[in-house]
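Since the structure comes first, as structure tokens, the remarks are kept for the end.
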Amino acid sequence: MPHEHGTFPHFLLSIIYTGLEKCVSELSFDEVYGYCKNNVWNLISKYSFTKEDREDIFQEVFFNVHKALPRFRGDSQINTWVYKIAVNAAIDHVNRQKRHRMIVNVLGTLRVIDPEPVETGPDIEELKPLEKLSPRQRMVLLLSDVEDKKMDEISSIMNIPAGTVKSNLHRAREIVRKEILKDGQFKGI
Amino acid sequence: MDSSREYDKYIKRLRRIKIDLDENKAYSRLTDKIEGRRHNYRLITANALTAMVIILMIYSINMPGQSVNSGLFSDYIFQQKSLDGDSVLNYVFEE
């Protein structure tokens, strides 16, 4: 990791902080990053619809992992723990964007600021049927049907009851089925 | 039944999607953000230490009854008149 060597006290403090981070956690951040980055990227790349969002969420996930790693007690597998952080970061990101868009639209309507350009939708054709799902439904569907996670695992990762996972998954599948058959765009794949 | 088959095909297609991760860019962005956080922590600690040193200095200088010259140093800095009653500024700029 690059270090910014400024004055001597800064240099000394940076050594102390790095040392403390290593002492507190048995796992180093680089180990966790190397172990989990591909899984996290695979999930996020299908969850979000644009390159910028994918990169932002990926950065957010591992920044949160770095912050929380000293508190990781090994109650769950490291992969599950990182998944939890990834799921929260991804859903938060989408909700934050929705709020931002809503405020910008209101301000645009009131002519306080220029209205934002209309979004073009997902940059990959295959992700279009997922567009109609809520952030939570989309995540449940990806974890269950694409990542092959079990119900109780999804329930633990998303911190919601198994019943809620099931109902979200059922609804998500219904919506996606409708979207696939609409216009027949995915027929005969 | 038909929609289930279509759904399964769609999921298979979704699984096959591979979007490349620009590892160098992602890692450098991440380390920049982490380093920024460390920098803020260092700044906060350095400021807190500086404030503590200043408070300790002022406290030790102004501690009453600790030495015969107690308050002499702070008087030298803060008092407007020197010990013989002249203005300190006159004394400092005296040739």
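Proteins come first, then strands; the chains are lettered A, B, ... in the order of their sequence lines, and each starts at number 1.
- Residues W41(A) and D20(B) share a closest heavy-atom pair of CZ2-O, 3.6 Å.
- The closest donor-acceptor contact from the side chain of R177(A) to the backbone of E6(B) lies at 3.5 Å or more, if one exists at all.
- Both the backbone and the side chain of F62(A) come within less than 4.5 Å of a heavy atom of chain B.
- Put simply, CD1 on I19(B) and NZ on K51(A) are 11.0 Å apart, with the number rounded to the nearest 0.5 Å.
- A 4.5 Å side-chain heavy-atom check between I34(B) and F29(A) finds at least one atom pair inside the cut-off.
- For R173(A), the parts lying near chain B are the backbone and the side chain together; criterion is any non-hydrogen pair under 4.5 Å.
- Both V104(A) and L110(A) are assigned to one and the same hydrophobic cluster, defined by single-linkage of ILVMFWY side chains at heavy-atom distances under 4.5 Å.
- The shortest distance between side-chain heavy atoms of D145(A) and Y10(B) does not fall below 4.5 Å.
- Both the backbone and the side chain of L130(A) come within less than 4.5 Å of a heavy atom of chain B.
- The aromatic ring centroids of Y27(B) and Y33(A) lie less than 6.0 Å from each other.
- Put simply, the side chain of I17(B) reaches to within 4.5 Å of the side chain of L127(A), judged on heavy atoms.
- Contact count versus chain B (heavy atoms, under 4.5 Å) is highest, among N42(A), V176(A), N38(A), L142(A), for V176(A).
- Interface remark: of the candidates K33(B), K25(B), K18(B), K12(B), K33(B) forms the most heavy-atom pairs closer than 4.5 Å to chain A.
- Here E126(A) does not pair with R16(B) in a salt bridge; the nearest charged N to carboxylate O distance is not below 4.0 Å.
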